[in-house]
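So that we are looking at the same thing, I have put the structure below in structure tokens.
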Amino acid sequence: MPVPSEEKAKAITPVPVKEIPASEERPRQDKSYNPGSIEKKWQDKWEADQLYRSVIDHSKQKYYALTMLPYPSGDLHIGHWYAMTPSDARARYMRMKGYNVLFPMGFDAFGLPAENAAIKDGIHPMKRTFQNIARMRTQMRSMGAMFDWEREAVSADPAYYKWTEWFFIQLYKAGLAYRKMSAVDWCPNCNTTLAREQVWGDDRHCERCGTPVIKKDLDQWFFKSTKYADELLNFDGIDWPQTVKTLQTNWIDRSEGAEVQFSVVSDQSPVISVFTTRPDTLWGATFMVFSPEHPLVEKITTPENKQAVEDYKAQAARQTEIQRGAMDKEKTGVFTGAYAINPVNQERIPIWIADYVMMSYGTGAIMAVPAHDERDFAFAKKYDLPIIPVIQPEGQSEADGTTMEAAFIGSGVMVNSGMLNGTKVNTEKGRKNPSIAAVLDWLGEKGIGRESVNYRYRDWLISRQRYWGAPIPMVKCEIHGWNPVPDDQLPVLLPEDVEWRPTGESPLKLHPTWKHTTCPVCGGAAIRETDTMDTFMCSSWYHLRYLSPKYDLGPFDPAEYDYWMPVDTYTGGIEHATMHLLYTRFFHKALRDAGIVKGNEPMTQLRNQGMVLGEDGDKMSKSKGNVIAPDILVNKYGADSVRAYIMFFARWEMGAPWDSQGIEGAVRWVKRVWTLFTDSPTDSVTDSRMGTDEVRKNLRRKVHQTLRKVTRDFENFEFNTIISSLMELMNEMYKAREAGAAGSDEWKEALEIYVKMMAPVTPHIAEELWAYLGKPYSVHTQLWPAVDEAATKEDSIELPVQINGKVRDRIVVPAEATEDEIKSAALASAGVIKFLEGKEVRKVIVAKGRLVSIVI
RNA sequence: GCCGGAGUGGCGGAAUUGGCAGACGCGCACGACUCAAAAUCGUGUUCCCAACGGGAAUGAGGGUUCAAUUCCCUCCUUCGGCACCA
């Protein structure tokens with residue numbers, strides 16, 4: 001007989017505040033699970049109650065959980081869910097552990113896509129961006145995350161970018177921002193410059209749009225991030241994944257060596273520095289090679305070589321634009337006609353130019369030691385330059401440069417090197433190599449060179465020739481040069497009436513009036529900087545703006561800073577290893593030195609999630625049509641099921657292709673939990689055959705074992721096994737209920753702990769079931785249950801018995817059985833006796849609680 | 001070339017310290033319910049030998065060990081990063 005729908009609704013309406021006495025009989029509940037209404041109901045209530053508002057509470061330990069903020073593309077992608085849901089679950093877990101948790105969200109709202117779209121359809125980037133944000137906010141609410149929306153920060157909001165500008169000025173004042181004319185990477189599609197980090201791959205393409213970049217000589221703003229290179233290599237005190245640390249270390253690529261001065265034989269005798277990691281091979285330097293772009297080349301080239309050098313330079317310049325080609329490309333170069341003096345032995349050595357020497361690394365010039373460097377060897381062979389071995393394996397007769405077939409890079413002793421002959425050479429780098437140490441000391445004494453460190457890491461190029469970014473708050477006066485905009489004139493606001501002509505120049509430059517201003521020094525006419533900042537500047541400090549997004553006296557409220565910082569756990573994709581994650585560390589250190597923030601690192605713990613791929617195993621993209629839309633899934637299954645599946649279907653840090661069928665498993669789990677609770681057969685037949693004591697004990701054991709496992713997995717970010725463990729426990733609970741345990745205290749405890757364990761994963765259904773159990777609102781303010789270790793202990797254990805490594809039988813022994821007891825039980829078991837017949841037992845190994853291994 | 005990650009059933013994945021390989025789930029098969037289907041529930045599901053019983057198996061090959069997905073060596077595949085870096 002169907003129950004009238006109104007009564008059904010009444011039956012499940014939770015009683016939020018008043019606890020129903022356990023004895024009171026609840027009406028039988030058979031309404032099916034309806035995520036749509038449950039989720040809406042609780043989301044509204046949580047919001048109305050400000051359940052996730054985090055405020056400073058000095059009586060509690062704080063926990064700042066941060067997940068990377070999205071760009072407001074307009075639609076929340078399944079990738080966002082994949083990044084945010086487990087982070088949310090863990091933040092919720094930490095909250096239940098008793099921490100005062102801050103879990104904010106915001107938008108990285110400046111950037112190219114909105115501007116490119118504006119060029120196409122004329123919709124203002126501001127309008128589009130804030131529309132997109134509104135839409136994504138709604139989508140994020142459907143996720144049921146515990147974001148504290150009172151702390152939301154949007155980088156394109158003038159109240160935000162005022163401080164982005166202010167930070168630029170602070171770095172400028174600290175001497176960390178400078179302007180430089182140089183050949184910078186330019187994306188012809190995005191019509192802007194790019195930082196070195198934003199140029200990817202063999203073909204050096206734009207990280208954003210994939211277009212191969214070109215070089216352009218431009219006057220641009222840089223941050224002196226290289227000043228912090230050494231400190232950025234130090235990861236002491238932070239718990240970051242080894243992969244990220246390795247990527248950053250390789251990116252910075254510190255190399256130790258020496259800078260050595262060579263003088264050029266000419267009228268002015270200019271001195272040229274070279275960087276080498278092998279100063280111990282100095283005596284073998286038989287020529288020098290300059291990069292074709294080296295400024296000195298023009299000066300030193302002799303008239304008779306002029307034409308050849310000019311031709312080569314022109315050719316190299318053309319090639320730079322395409323690419324200087326593969327490593328195995330044949331070496332080319334031309335002689336400049338000039339000579340330098342090798343300072344260690346006064347030998348006159350020729351100076352060549354070749355495109356295998358890069359202007360951007362070291363000093364743009366090298367000493368060439370063909371005997372001990374493969375590239376120099378190849379070059380010397382091709383152009384018939386002298387090869388003088390200065391290191392050879394110990395005890396070997398002297399090598400002959402003319403007959404060498406390859407550069408020698410092994411260990412040995414120094415030869416042909418004057419007073420340092422006989423010094424041992426190994427393959428270590430820097431001072432760990434005795435030969436290098438000896439030469440460094442010798443160079444220092446003689447004043448020819450000095451110990452030096454070189455990095456591949458470059459200063460951060462900040463300028464972007466685009467409109468939709470934070471203006472660079474600098475003004476140029478004919479008389480007083482560049483000066484920062486005074487603080488009381490911040491923010492420099494973006495004008496709204498701009499034209500979107502893609503010209504390669506900032507639209508701000510084309511605005512008729514915006515750039516005209518007055519000089520902060522003399523009050524005379526001056527011009528604003530019309531470039532805007534790289535958006536990585538905005539995201540380098542958003543974790544600080546979250547602390548007090550409405551604060552007006554500074555970028556953040558110091559009281560909030562002191563309580564919440566540093567970020568305890570930061571989660572996000574690994575693709576930012578050498579970009580955002582490196583910038584934000586640099587930024588923090590620079591601000592620390594400016595006295596604005598404290599501590600050496602902004603984020604104590606970092607964890608990376610992997611990527612959700614399309615069902616075809618490819619990266620999701622609109623063009624491939626393999627994009628999974630979370631909204632559709634939420635409508636179909638409910639947010640809780642989507643959350644559960646996202647946490648279940650892959651190892652979080654690995655990611656995996658999406659599987660539309662696989663989600664059914666998570667959906668079934670959620671439904672079966674619902675049924676387990678709401679279809680509670682408190683009136684079911686008690687099983688008289690079974691020892692109910694045992695059933696209850698087993699139930700309680702499983703509950704606490706699961707709790708222990710789930711707790712550990714939350715700590716370790718192992719989200720997929722949290723769900724498996726909960727599934728397993730649910731299966732056990734069904735069996736226990738079948739066995740008649742559903743009226744017991746153990747059963748009630750199981751239900752309660754189960755809801756609490758679910759709460760971080762599936763917050764809505766957990767809240768609903770919590771209310772259904774008659775518990776006081778809210779499950780999300782409950783404390784995480786404690787494991788009863790005694791309850792997890794097994795009475796008896798089953799041990800496999802191996803004979804020569806193969807399982808032959810299983811024995812059941814009391815948990816506290818001694819080794820001897822286990823041994824004799826194993827030897828007495830039927831399956832073992834059969835195999836032992838006529839054989840001699842050589843050894844019996846008892847691995848307590850694991851197995852018995854018999855060797856015959 | 002260098003640096004790092006990964007390789008386990010049809011699929012996603014699990015496996016405290018070296019201790020029963022394949023938890024949990026998807027899929028599939030069979031059964032129950034149904035007029036039927038869906039949903040739901042139950043049972044089974046690494047492979048091979050017909051079975052009883054065995055045997056093989058965690059990318060390949062070797063090693064250490066009573067015992068290896070786990071430790072060591074060589075190699076292969078794949079993903080990511082860097083790359084004429086002096």
Side-chain angles (χ1 to χ4, degrees), chain A residues 32 200-202 241-251 253 255 257 274-278 281 285 288-289 291 324-331 354-358 360-369 372-376 378-379 454-456 574-575 577-578 610-611 644-645 648-651 653-669 671-672 675 708-709 712 716 718 720-731 734 798-810 834 842-856:
Chain A
S32 65
W200 285 15
D202 293 352
Q242 188 53 50
T243 39
V244 173
K245 293 193 277 188
T246 305
L247 284 170
Q248 292 197 349
T249 303
N250 291 346
W251 183 256
D253 191 21
S255 74
V274 301
F275 174 75
T276 175
T277 55
R278 294 301 305 274
T281 62
M288 288 186 85
V289 185
S291 160
R324 272 197 187 169
M327 194 165 56
D328 52 4
K329 195 187 84 169
E330 200 181 334
K331 303 268 177 296
D355 64 4
Y356 81 91
V357 176
M358 307 290 146
S360 56
Y361 188 82
T363 63
I366 61 159
M367 64 172 205
V369 185
H372 305 292
D373 181 284
E374 286 173 44
R375 293 154 300 174
D376 298 344
F379 195 81
N454 220 318
Y455 305 90
R456 202 182 63 98
I574 198 166
E575 65 274 14
T578 58
M611 215 194 296
Y645 182 56
F648 176 66
F649 87 104
R651 255 160 81 184
E653 75 275 21
M654 299 304 272
W658 187 260
D659 178 0
S660 285
Q661 261 177 339
I663 194 171
E664 299 290 349
V667 173
R668 253 169 235 156
W669 170 60
K671 280 188 190 161
R672 269 166 62 80
T675 307
R708 186 170 57 195
K709 166 84 174 141
R712 200 183 67 204
N716 297 333
E718 284 164 4
N720 54 342
T721 47
I722 290 174
I723 314 295
S724 333
S725 306
L726 288 175
M727 287 172 169
E728 243 179 280
L729 176 57
M730 177 190 68
N731 292 340
Y734 265 100
E798 192 193 65
L799 294 178
V801 182
Q802 291 185 344
I803 296 173
N804 286 354
K806 289 204 165 72
V807 178
R808 294 303 184 188
D809 204 356
R810 287 156 199 286
K834 196 171 83 188
R842 301 224 315 261
K843 208 172 176 186
V844 180
I845 297 147
V846 177
K848 266 216 146 175
R850 302 229 173 263
L851 54 47
V852 182
S853 182
I854 300 170
V855 190
I856 56 173

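Reminder, nothing fancy here: chain letters follow the sequence lines and each chain counts from 1. Just so it is clear, the values below take in all heavy atoms, side chains as well, and ignore hydrogens, waters and symmetry mates.
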Query raised in the report: What is the pairing partner of G9(B), taking Watson-Crick or G-U wobble pairs with both distances under 3.5 Å in any strand?
Result: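 Partner of G9(B): none.
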
**Report entry** Which residues share a side chain to side chain donor-acceptor pair (under 3.5 Å) with Tyr455(A), sequence neighbours left out
**Finding:** Asp230(A), Arg254(A)

Query raised in the report: Closest to the Asn250(A) side chain: C3(B), C84(B), A86(B)?
Result: C3(B)

Requested in this report: Encode nucleotides 16-28 of chain B as B, S and - characters from 5' to 3', where the letter depends on protein heavy atoms closer than 4.0 Å: B to the base, S only to sugar-phosphate, - to neither.
Outcome: B--BB--BBSSS-

Requested in this report: Verify, without hydrogens or angle tests, whether Tyr356(A) (side chain) and Phe379(A) (backbone) share a donor-acceptor contact under 3.5 angstrom.
Outcome: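 Checked: no pair found.
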
Requested in this report: Using a heavy-atom cut-off of under 4.0 Å over every strand shown, decide if Lys848(A) touches base, sugar-phosphate, or nothing.
Outcome: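 Since no nucleic acid heavy atom lies under 4.0 Å of Lys848(A), the category is nothing.
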
Query raised in the report: When the nearest nucleotide of RNA chain B is assigned to Tyr734(A) and to Lys709(A) on a heavy-atom basis, which residue is associated with the more 5' position?
Result: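 Closer to the 5' end of RNA chain B: Lys709(A).
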
Report task. Identify, between Lys671(A) and Gln242(A), the residue whose nearest nucleotide on RNA chain B lies closer to the 5' end. Result ->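 The 5'-side residue here is Gln242(A).
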
Query raised in the report: With a non-hydrogen cut-off below 4.0 angstrom, is Asp373(A) in contact with a base, only sugar-phosphate, or nothing?
Result: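 Since no nucleic acid heavy atom lies under 4.0 Å of Asp373(A), the category is nothing.
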
Requested in this report: Report the distance from atom CE of Met611(A) to atom P of G80(B), rounded to the nearest whole Å.
Outcome: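 The distance from CE of Met611(A) to P of G80(B) comes to 9 Å, rounded to the nearest Å.
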
Query raised in the report: Using the purine O4'-C1'-N9-C4 or pyrimidine O4'-C1'-N1-C2 torsion, is G12(B) syn (within 90° of 0) or anti?
Result: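 The base of G12(B) is oriented anti (glycosidic angle more than 90° from 0).
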
Report task. Using the test ring pair (Phe, Tyr, Trp, His ring centres under 6.0 Å), find all partners of Trp658(A) that sit at least two apart in sequence or belong to another chain. Result ->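 Residues passing ring pair (Phe, Tyr, Trp, His ring centres under 6.0 Å) with Trp658(A): Tyr645(A), Phe649(A).
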
Report task. Report which part of the nucleic acid Gly655(A) touches: base, sugar-phosphate, or nothing (heavy-atom distance under 4.0 Å, all strands). Result ->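 Sugar-phosphate: the residue Gly655(A), judged by heavy atoms under 4.0 Å, touches backbone atoms but no base.
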
Query raised in the report: In the strands shown, is A29(B) matched to any nucleotide by a Watson-Crick or G-U wobble pair with both distances under 3.5 Å, and which?
Result: U43(B)

Requested in this report: Answer with base, sugar-phosphate or nothing: what part of the nucleic acid does Lys834(A) contact at a heavy-atom distance below 4.0 Å?
Outcome: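 The residue Lys834(A) makes sugar-phosphate contact but no base contact.
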
Query raised in the report: Applying a 3.5 Å limit to both distances, which nucleotide forms a Watson-Crick or G-U wobble pair with U34(B)?
Result: none

Query raised in the report: So what's G1(B) paired with, Watson-Crick or G-U wobble, going by both distances under 3.5 Å?
Result: C82(B)

**Report entry** Asp809(A) CG to G53(B) P, straight-line distance once rounded to whole Å
**Finding:**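 Going from CG in Asp809(A) over to P in G53(B) covers 12 Å.
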
**Report entry** Distance below 4.0 Å between Arg808(A) side-chain N/O and G55(B) OP1 or OP2
**Finding:** yes

Report task. Go through the structure and list residues passing side chain to side chain donor-acceptor pair (under 3.5 Å) with Ser724(A), not counting sequence neighbours. Result ->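 In terms of side chain to side chain donor-acceptor pair (under 3.5 Å), with neighbours along the sequence ignored, Ser724(A) is linked to no residue.
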
Query raised in the report: With respect to the phosphate group of A56(B), does any side-chain polar atom (N or O) of Lys806(A) fall under 4.0 Å of OP1 or OP2?
Result: yes

Report task. Report the base-pairing partner of U74(B) (Watson-Crick or G-U wobble, both distances below 3.5 angstrom), or none. Result ->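 Per the H-bond distance test, A60(B).
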
Query raised in the report: Rounded to the nearest Å, what distance is computed from the CG atom of residue Asn804(A) to the C1' atom of nucleotide U65(B)?
Result: 13 Å

Query raised in the report: When the distance from CG of Leu247(A) to P of G4(B) is rounded to whole Å, what number comes out?
Result: 11 Å

Query raised in the report: What is the distance, rounded to the nearest whole Å, between atom CE of Met367(A) and atom P of C85(B)?
Result: 15 Å

Query - Euclidean distance, atom CH2 of residue Trp251(A) to atom P of C85(B) [Å, nearest integer] - result: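 Spelled out: CH2 on Trp251(A) to P on C85(B) is 15 Å.
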
Query raised in the report: Does CD in Glu798(A) sit with more than 12 non-hydrogen atoms of other residues, nucleotides or ligands closer than 6.0 Å?
Result: yes

Requested in this report: May I ask which nucleotide in the shown strands pairs with C66(B), Watson-Crick or G-U wobble, both distances under 3.5 Å?
Outcome: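 Across all strands, the one nucleotide that pairs with C66(B) is G19(B).
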
Requested in this report: Counting heavy atoms from C-beta on, name the nucleotide in A83(B), A15(B), A86(B) closest to the side chain of Arg456(A).
Outcome: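 Of A83(B), A15(B), A86(B), A83(B) is nearest to the side chain of Arg456(A).
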
Query raised in the report: So, does Asn454(A) use its side chain to make a donor-acceptor pair with the main chain of Ser255(A) at under 3.5 Å?
Result: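 No; judged by distance alone, with no hydrogens or angles, the pair does not exist.
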
Query raised in the report: Excluding sequence neighbours, so at least two apart, what forms ring pair (Phe, Tyr, Trp, His ring centres under 6.0 Å) with Phe648(A)?
Result: none

Query raised in the report: Looking across every strand, which nucleic acid part, if any, lies under 4.0 Å from Trp669(A) by heavy atom: base, sugar-phosphate, or nothing?
Result: nothing

Query raised in the report: With Asn250(A), which residues qualify under side chain to side chain donor-acceptor pair (under 3.5 Å), at least two apart?
Result: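 With neighbours one apart ignored, the set is empty.
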
Query - Value in whole Å for how far the C1' atom of C85(B) lies from NZ of Lys331(A) - result: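 Answer to the nearest Å: 13 Å.
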
Query raised in the report: What integer distance in Å separates Lys245(A):NZ from G5(B):C1'?
Result: 15 Å

Query raised in the report: Is there a donor-acceptor pair under 3.5 Å between the side chain of Asn804(A) and the backbone N or O of Ile856(A)?
Result: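 Confirmed, Asn804(A) side chain pairs with Ile856(A) backbone.
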
